[in-house]
Amino acid sequence: MDKYIINGGNKLYGSVGIQSAKNSVLPILAAAVLTDGKVKILNVPNISDVRNMVKILTCLGCRAVYEHNDLIIDSSNADCFEIPSVLAHELRSSVFLLGSVISRFRSAKIAYPGGCDIGLRPVDLHLTGLKRLGVEITEKNGYILCKSDRLRGNEIVLDCPSVGATENIMLAAVKAEGTTVITNAAREPEIEDLQNFLNSIGAKVSGAGSGTVKIKGVDKLGGCEYQPLPDRIEAGTFLIAAAMCGGEVLAEGVKPENISSLIHKLNENGCKIHIDNDKILLENHKRLASVKSIETQPYPGFPTDLQAQYTALCGICGGHSIITENLFETRFKYVPELRKMGADMTVIGRNAFVRGVERYKGATVMAHDLRGGAALVLAGLAADGRSEVLDISHIDRGYGSFEQKLAGLGADIVRVTV
Ligand code: UD1
């Protein structure tokens, strides 16, 4: 298991290029199973979630070839509808494959998905939605078994706007007979990106980005070349790093409108932010002011995937903050680790009560999940002295070349294989 060694206290200066969005690329790769045409996904991030998804596709009989950072998937010879538990447990997004695999093979067998341990993360909405399209589902020995002779479009109302359920239903509906309408659909930008990808291979999807997504079933899909959205969570993580460490960082190749909730908060914290098309420049040279309270919400609200990094920032603001996590029950596992670095934070239920300290102190801490792990790295960068962040395999799930990018901005961070 690799770890990071960080000597904190350096200010960050320079520019950083933003990768394609993990949460776009994963469902797009799942969608590649739907077509016999070749799809080329550009600028695919070098992260373990993508590598695991590619392993699953290969196991289904798809051919995956990298051309530099681009990934070509050819599913014309896909011949397997079972995703073994060892692979499904590595990756929660394996559940997206239910929709595309059932569409392609009329059968699917998948072990219950894994992913970050950040709460219960049920898949009931995925399964209810698929049943509405005519899929028979049984659950046995840790596997979800799906069968359908004929997928038929239907109206589906989601109890809550689940990102994964919306995407899974879209994938199952693309080649179903008739029209599917998803009401109370998630509105995350990655849903619209999946729609754009599906339409570029010949699907008829509209409405993504609003709460109602409409899918008219088609018989055939083809190939395409596709550039996914930039990763708003990676971009947000670098902006928070710059705010915490001080300095001047330019995030390049971003869609600023997709992280306006964070930009708004960083402005309130006292950072200077300049936006120019696909670039965001953040400048900070002083102690940050606290924002009092913030809560995570589905898009366009403040993203749960930036909650940990932003709480780490609140920990060194002048004043108190209350952070409320509304989406996942156990997404404060990094807080006891931050306390080892001197943070004054208490978690009660879904709230973290934070009293800002002047500075963090270097310490040895353990990453328990992807974004919580990133938050610990940011705290280490802003801390006085040396920190070690252990078990960074969690961070590798979502951040490609994280330490190289941070070192490129002047951070003193190295990866050590233990
Ligand atoms: C996706 C993202 C993840 C992000 C999350 C919320 C990917 C690969 N992952 O995860 O990074 O943190 O959106 O923005 O895109 N729920 C149910 N039943 C279900 C499904 C979800 O109750 O069947 C609940 C969840 O417990 C949670 C809420 O809905 O409270 C949102 O979850 P969801 O939007 O589904 O998140 P994911 O798709 O797992």
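Numbering of ligands and ligand atoms starts at 1, following listing order. This is a predicted model, so every value here is computed, not measured. Residue numbers start at 1 and run along the sequence shown. Heavy-atom basis, side chains included; hydrogens, waters and symmetry copies ignored.
Residue Asp124 places at least one N or O, backbone or side chain, under 3.5 Å from an N or O of ligand 1. Between Leu125 and ligand 1, an N or O atom pair is found at a separation short of 3.5 Å. Residue Ser162 has at least one N or O atom closer than 3.5 Å to an N or O atom of ligand 1. Considering backbone and side-chain atoms alike, Glu329 places every N or O at 3.5 Å or more from each N or O of ligand 1. For ligand 1, the polar-atom distance check against Thr304 finds no nitrogen or oxygen pair separated by under 3.5 Å.
The shortest non-hydrogen separation linking Ala243 to Leu266 is CB-CD2, 4.1 Å. Pro84 and Tyr143 make their closest contact through CA-OH, 3.8 Å (heavy atoms, listed as atom of the first residue, atom of the second, distance).
Proximity of Tyr299 to ligand 1, defined as any heavy-atom pair under 4.0 Å, is not found for any part of the residue. For Val163, heavy-atom contacts with ligand 1 shorter than 4.0 Å involve the backbone as well as the side chain.
When Leu306, Leu327, Thr128, Leu127 are ranked by how near their heavy atoms come to atom 31 (C) of ligand 1, first place goes to Leu327.
Tested against Tyr226, the residues Val39, Asn196, Leu42 include a single side-chain contact (heavy atoms from CB on, under 4.5 Å) partner, Asn196. Of the residues Leu327, Ile191, Asn23, Asn168, the one that meets the side-chain contact (heavy atoms from CB on, under 4.5 Å) test with Val163 is Ile191.
In this structure, Pro122 is part of the shell of residues with a heavy atom less than 4.0 angstrom from ligand 1.
Within the structure, the salt bridge (charged side-chain N to carboxylate O under 4.0 Å, His left out) test picks out the following pairs touching residues 48-57 (sequence neighbours left out): Lys22-Asp49, Asp49-Arg397.
Distance check: Cys314 SG to Asn269 CG gives 6.5 Å after rounding to the nearest 0.5 Å.
Near Gly164, with a cut-off below 4.0 Å to any heavy atom, the atoms of ligand 1 are 35 (O), 38 (O). Those atoms of ligand 1 with a heavy atom of Cys160 less than 4.0 angstrom away are 29 (O). Atoms of ligand 1 found under 4.0 Å from any heavy atom of Arg331, numbered from 1 in the order shown, are 12 (O).
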For the pair Asp193 and Ser24, evaluate side-chain hydrogen bond (donor to acceptor under 3.5 Å, both in side chains) and give the outcome as yes or no after the intermediate values.
-> CA-CA 6 Å; Asp193 210 24; Ser24 279; 2.9 Å; yes
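Classification of the Phe105-Phe81 ring pair by plane angle, with boundaries at 30° and 60°, yields tilted.
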